[in-house]
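Shown next, in C-alpha cells, is the structure this report addresses.
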Amino acid sequence: MVKKEGSFPLHSWLMSHWEGKASYPKLREAITDFESRKENPRKFRDAVKQDFDIPKGWNVKQIVKRMNELKLDSNL
C-alpha cells in the first residue's frame, strides 16, 4: 500500500496506537480530526476508501481485521 500525498499516516498511527478492535474508535477519531483540518475534509469512509483501498461497505469487523493485518505486515 502506497501512502498518497495528504493522506492520514496510517502505518505510523497503527504502530503507535493500534491494539485491536478497542482501538477502532480512536482510529476513526484520528482520521476524522486529520481530515477536519483540510480545506476539503472527507468523511471517514471516503478517506479510507480513497487512501487505503478499504471498501465503504466493509463493517467494523472487516476493517479491524485489515488493520491487524497491516500492523503485522509492518512488524516484519
TODO: To the nearest 0.5 Å, tell me how far Leu72 CG sits from Leu14 CG.
DONE: 10.5 Å
Task: Nearest non-hydrogen partners of Arg45 and Lys56, listed with the distance - done: NH1-O, 3.2 Å
Open item on the list: Could you measure the distance from the NZ atom of Lys43 to the CD1 atom of Ile31? Nearest 0.5 Å is fine.
Closed with: 15.5 Å
Task: Student check: side-chain heavy atoms of Arg66 and Trp58 closer than 4.5 Å - done: yes
Task: Least distance between heavy atoms, Glu35 atom then Asn40 atom - done: OE1-O, 4.4 Å
- [ ] With the side chain counted from C-beta on, respond yes when His17 and Lys26 share a heavy-atom pair under 4.5 Å apart, and no when they do not.
- [x] no
Open item on the list: To check you understand the geometry: which heavy-atom pair defines the closest contact between Ser7 and Asp51, and what is its length?
Closed with: CB-OD2, 3.0 Å
Task: Crowding at CD, Glu69 (>12 non-hydrogen neighbours, <6.0 Å) - done: yes
TODO: Specify whether Phe44 and Tyr24 have parallel, tilted or perpendicular ring planes, treating 30° as the upper limit for parallel and 60° as the lower limit for perpendicular.
DONE: perpendicular
Task: Side-chain heavy-atom pair Met67, Ile54 within 4.5 angstrom cut-off - done: yes
Task: side-chain contact (heavy atoms from CB on, under 4.5 Å) between Leu27 and Phe8, worked out - done: CA-CA 10 Å; Leu27 172 64; Phe8 181 76; 4.0 Å; yes
Open item on the list: Using modelled atom types and a 3.5 Å cut-off, is there a donor and acceptor pairing between side-chain atoms of Gln50 and backbone atoms of Ala47?
Closed with: no
Open item on the list: Return the OG to CD distance between Ser36 and Glu29, rounded to the nearest 0.5 Å.
Closed with: 10.0 Å
Task: Minimum-distance pair of heavy atoms, taken over all atoms of Gly20 and Asn68 - done: CA-OD1, 3.8 Å
Task: Which atom of Ser23 lies closest to which atom of Trp13, heavy atoms considered - done: O-CH2, 3.9 Å
- [ ] Identify the two heavy atoms, one from Phe34 and one from Pro9, that lie closest to each other, and give their separation to 0.1 Å.
- [x] CE1-CD, 4.2 Å
Task: Arg28 side chain reached by Val48 side chain, heavy atoms, under 4.5 Å - done: no
